[in-house]
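Data first, discussion second: the structure below is written as structure tokens.
Throughout, numbering of the chain's residues begins at 1 and tracks the sequence.
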Amino acid sequence: MSHSITIKPYLRLSGLEPLIVRPETNFVNVGERTNVTGSKKFARLIRENKYEEALSVARQQVENGAQVLDVNMDDALLDGVKAMTTFLNLLQSEPDIARIPIMIDSSKFEIIEAGLKCVQGKCIVNSISLKEGEEKFIEQAFICQAFGAAVIVMAFDEAGQADTRDRKVEICHRAYKILTEKVGFAPEDIIFDPNIFAVATGIEEHNNYAVDFIEATREIKRRMPLTKVSGGVSNVSFSFRGNDHVREAIHSVFLYHAIKAGMDMGIVNAGQLVVYDEIEPHLRELCEDVLLNRNNTNNEATEKLIIHAETVKAKGKEEIKDEAWRNEPVEKRLAHALVNGITDYIDADTEEARLKYPQPLDVIEGPLMDGMNIVGDLFGAGKMFLPQVVKSARVMKKSVAILTPYIEAEKEARKKAGLAGQEGQGAAKILLATVKGDVHDIGKNIVGVVLGCNGYDIIDLGVMVPADKILDAAQKENVDIIGLSGLITPSLDEMVHIAREMKRRNMTLPLLIGGATTSRMHTAVKIAPEYQQGVVHVLDASRSVTVTGSLLNKEQKPVFIQHTYDEYKKLKEGFDNKKSVKQYLSYTDALANKVAIDWDTAVMHTPTFTGTKQFSDVDLSAIRAYIDWKPFFITWEMHGNFPDILKDELVGKEATKLYNDANALLDTIIREKWLQAHGVIGFWEAASQGDDITVQEPNGQTTTLSFLRQQIKKAPGQPNLSLADFIAPADSGKKDYLGAFAVTIQGIEPHLKRLEASHDDYNKIMLQALADRLAEAFAEMLHQQTRTGYWGYDKEETLSNDELIREQYTGIRPAPGYPACPDHTEKYKLFHLLDATNQAGIQLTESLAMYPAASVCGWYFSHPKSQYYGVGKIQRDQLEDYARRKNMPLEEAERWLSPVLE
């Protein structure tokens, strides 16, 4: 394989991890809540100097799927330079936040410059413009370039903001010439914002604003093809504020045309846009007349949309069942059923098609695959969302199940006639498996459904699959691609092992890597070097289609593999050769910089019992009230805050359908007792010494828990945190306690098998997602009962579920294997103290995943100063001390802690 490196001219951004904006990349979402002008909560926290707490706002944006984080400190009451510097410095020490690129947002360049001095990786500056003349523009551009930043350039010059197509293009082209010819900016690092203004204002001059933006975008991308275009979408519908239904339609129609013209990114509330093709035709036509300024003489189109908007506002969203499609030919009926996920008529339509076509296989290869191709195209274009695709797969599977007996009968007849083996090559085969020791498979199941919808033959080996079984099956079934999935960090090592085994066996199949704990960087640094036949990290289900298509296309495959190899090689070289800009303390100094707690005046709270308390078959309807719905939508690749996502401009309609379906299934689960909730909590006397906590068991024995401490050098006055800091030291003279919990949702397997047998992937995935949510909700409920009752250190707490989700309670419940205590092996001690296997029915796998998969465990800390955080990277001196404290071989400690080793 050639080792030449050809870098494509893509916009490349990075935090701790890269974000490469390729031609096939969908809209780039920018998280905007870390903005003092856009978030009252964030502004309040910054004004009150609660920077650590303000990080939770940033963390929430990342968890909601933001690909870039916008940070703005423009407030008249703030020292913007100081606020930006303080916040960004703190943010850089939180790896779960700092992994995405930062957008430094300010109207004051001194604040931007201060921010540039703090961020690692490659950020975006928002923004610079020509409004103060060329000299100032060039000066600011040189500074941005010196820091390696990409820039947003507003279409704004000395004469003001551009409002016409020609002015937008003229200013952007002028800025482009200056940046590329005088400053030496790479074209791909330039992002233009040509200004989106409101239409339908009643003012004639405003009627062409949307057309001006769309046409300016088209011309900008024609003249300057490597640049990007951004904009604030909600501005265009400002005239209809208060009428969400019409605004959703306007945004959908606008983006449909703007994205076709070349628009790449913008701050659009992650979520809810009605599918363009499903907007009521009359409303869609009215929106297009206004946005495209058609039939709008004397504001005629504007008046029509205003009149229609009033009728919609008055009657709300009435759902009228349109059965006109039933009069179409059977091929169109099948396509309609697939696109809309309708199973009501699939039996009769499939039978009609079977009688119409010469062979039953012709129905699959003809109208059914034609319909699924439409689904694939709509999904790829961002006009369908994941829940709709999974519903389409359900329709497809039910139809195929009806045809299968006829296909098998024909095969048997061909065998008897001596014609076996003439069926043809068939669809490409893709083998999927969750690796050994890991039990999580919702994401893998979703990828399997999406790839199945695109015509691939999926072989799913399930969960906890050993390497030999995966590779033996791949060779036996003669598959075309292997896909590995994993959620917990030990799964990363197993993936490396499988890659080595594939090389040892001289296999040539491409290997796909996916799952919540995986990343492009880890794949490039750890997995790809072990196997040279094509290793590709796949971020989510929507990307899997593009990647798979490239790997299975004879012409595209060598180019795609070479490009990926070159890209990963460059990532690895950068990782291996990087000179860390971060400064770390020695472990001794970090230990000395612990959280300052005055234990002499600390108020201690004694739990109502010590030892353990078991909970069996807890009422699911009580647990239901504690569900956090945000992660549920993220499972379905719908990113946004709940309940805002139900009214979001991008996916609101489908999010609402999904939410209603989930609650209907939840009603059934509770009514028919499909699932059971079991758990156990415990409390013990505890004392800290350094980074260890000694726990007194009721039988007189002791268990020592070992924790890790942050080692990154912090700003003055900021401690290097360890969970041990929140338990009173042994020499403090105070009696303190530590708690723990383990909860699980059981009984899911027979229902999954039944849904699988009825080809209902939609409800199968829904059931798994709800079981996960119920387990987390059970943990939330028990934690609240612990604070107010069982431990009773905050008996007056009266928090709403929304406040619980935002972690506004006193105390924390960190879990082994997660950022504050990343060592999974401490689960052994937690399970020992709780007797969790016997009391809750939870098993630990060899990789320390919990089974059933819908299980949660963790520690309870009660001190008011205890907080959630990430340990981040640790140094060799702490690793060696930790191995000594745990009496664990250094090599074993290194293996378990590899994700946090510098």
Side-chain angles (χ1 to χ4, degrees), residues 430-449 458-477 479 481-502 505 511-518 522-523 526-527 538 635 675 678 742-753 755-756 761 764-765 767-769 771-772 775 815-818 823-828 830-831 836-837 840-857 892 895-896 898-899:
I430 301 172
L431 183 145
L432 301 177
T434 299
V435 299
K436 182 179 75 171
D438 205 323
V439 298
H440 299 86
D441 67 346
I442 298 180
K444 170 179 63 66
N445 291 343
I446 289 172
V447 168
V449 169
I458 305 302
I459 299 169
D460 190 340
L461 297 184
V463 300
M464 295 197 293
V465 190
D468 285 347
K469 184 177 178 181
I470 293 171
L471 303 184
D472 289 347
Q475 290 176 320
K476 179 184 174 185
E477 297 288 343
V479 303
I481 293 176
I482 295 174
L484 302 179
S485 176
L487 177 74
I488 59 174
T489 49
S491 296
L492 299 174
D493 292 332
E494 183 63 15
M495 291 174 180
V496 173
H497 169 63
I498 291 171
R500 287 177 183 147
E501 282 297 293
M502 290 177 74
R505 293 190 183 202
L511 177 63
L512 303 186
I513 302 294
T517 195
T518 65
H522 180 271
T523 302
K526 298 289 187 181
I527 306 176
V538 180
T635 296
L675 305 174
H678 305 304
V743 297
T744 186
I745 301 295
Q746 299 188 351
I748 197 171
E749 285 80 4
H751 302 290
L752 292 179
K753 288 177 182 175
L755 291 169
E756 197 168 336
D761 283 313
K764 177 188 171 186
I765 293 169
L767 178 58
Q768 289 180 297
D772 280 357
Y818 285 81
D823 181 10
H824 282 273
T825 66
E826 289 294 292
K827 277 185 202 158
Y828 287 128
L830 186 148
F831 268 57
T837 299
I842 308 172
Q843 307 283 338
L844 287 176
T845 73
E846 59 195 296
S847 295
L848 294 175
M850 288 179 286
Y851 182 82
S855 301
V856 184
C857 71
E892 187 179 349
R895 178 167 64 85
W896 283 106
S898 60

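Residues Leu471 and Ile482 form a side-chain contact, since some pair of their non-hydrogen atoms from C-beta on lies under 4.5 Å apart. Counting only heavy atoms from C-beta outward, the side chains of Leu492 and Thr518 approach each other to under 4.5 Å. At a threshold of 4.5 Å between non-hydrogen side-chain atoms, the residues Met850 and Thr744 do not count as touching. When side chains are defined from C-beta on, Ile748 does not count as touching Pro852, because their heavy atoms never get closer than 4.5 Å.
Scanning both residues, Ala854 and Ala771, for their nearest heavy atoms gives CB-O, 3.5 Å. Scanning all heavy atoms of the two residues, the minimum distance from Ala775 to Ile745 falls at N-CG1, 3.5 Å. In this structure, Leu675 and Gly747 approach most closely via the heavy-atom pair CD2-C, 3.8 Å. When all heavy atoms of Gly448 and Ile458 are compared, the closest pair comes out as O-CG1, 3.5 Å. Residues Ala473 and Leu461 share a closest heavy-atom pair of CB-CD1, 4.0 Å.
Atoms CD1 and CD1, from Ile498 and Ile470 in turn, are 4.0 Å apart once rounded to the nearest 0.5 Å. We find the CD1-SG distance between Ile842 and Cys857 to be 7.0 Å, quoted to the nearest 0.5 Å. Rounded to the nearest 0.5 Å, atoms NZ (Lys526) and CD1 (Ile513) are 14.5 Å apart. From Thr523, atom OG1 reaches atom CG of Leu484 across 10.0 Å, with rounding to the nearest 0.5 Å. Taking CE of Met495 as the start and NE2 of His497 as the end, the distance is 13.0 Å to the nearest 0.5 Å. Taken from CD in Glu477 to CD1 in Ile459, the straight-line distance is 4.0 Å, to the nearest 0.5 Å.
Surrounding NZ of Lys827 are more than 12 heavy atoms belonging to other residues, nucleotides or ligands, all under 6.0 Å away.
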inquiry  = Apply side-chain contact (heavy atoms from CB on, under 4.5 Å) to residues Trp896 and Leu848 and explain how you reach the verdict.
reply    = CA-CA 11 Å; Trp896 283 106; Leu848 294 175; 3.6 Å; yes
task = Please assess Lys436 against Asp468 for the test salt bridge (charged side-chain N to carboxylate O under 4.0 Å, His left out), listing each intermediate value before the final yes or no.
result = CA-CA 10 Å; Lys436 182 179 75 171; Asp468 285 347; over 6 Å; no
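For Asp460, the side chain to side chain contact (heavy atoms under 4.5 Å, CB included) partners at least two apart in sequence or on another chain are Lys444, Asn445.
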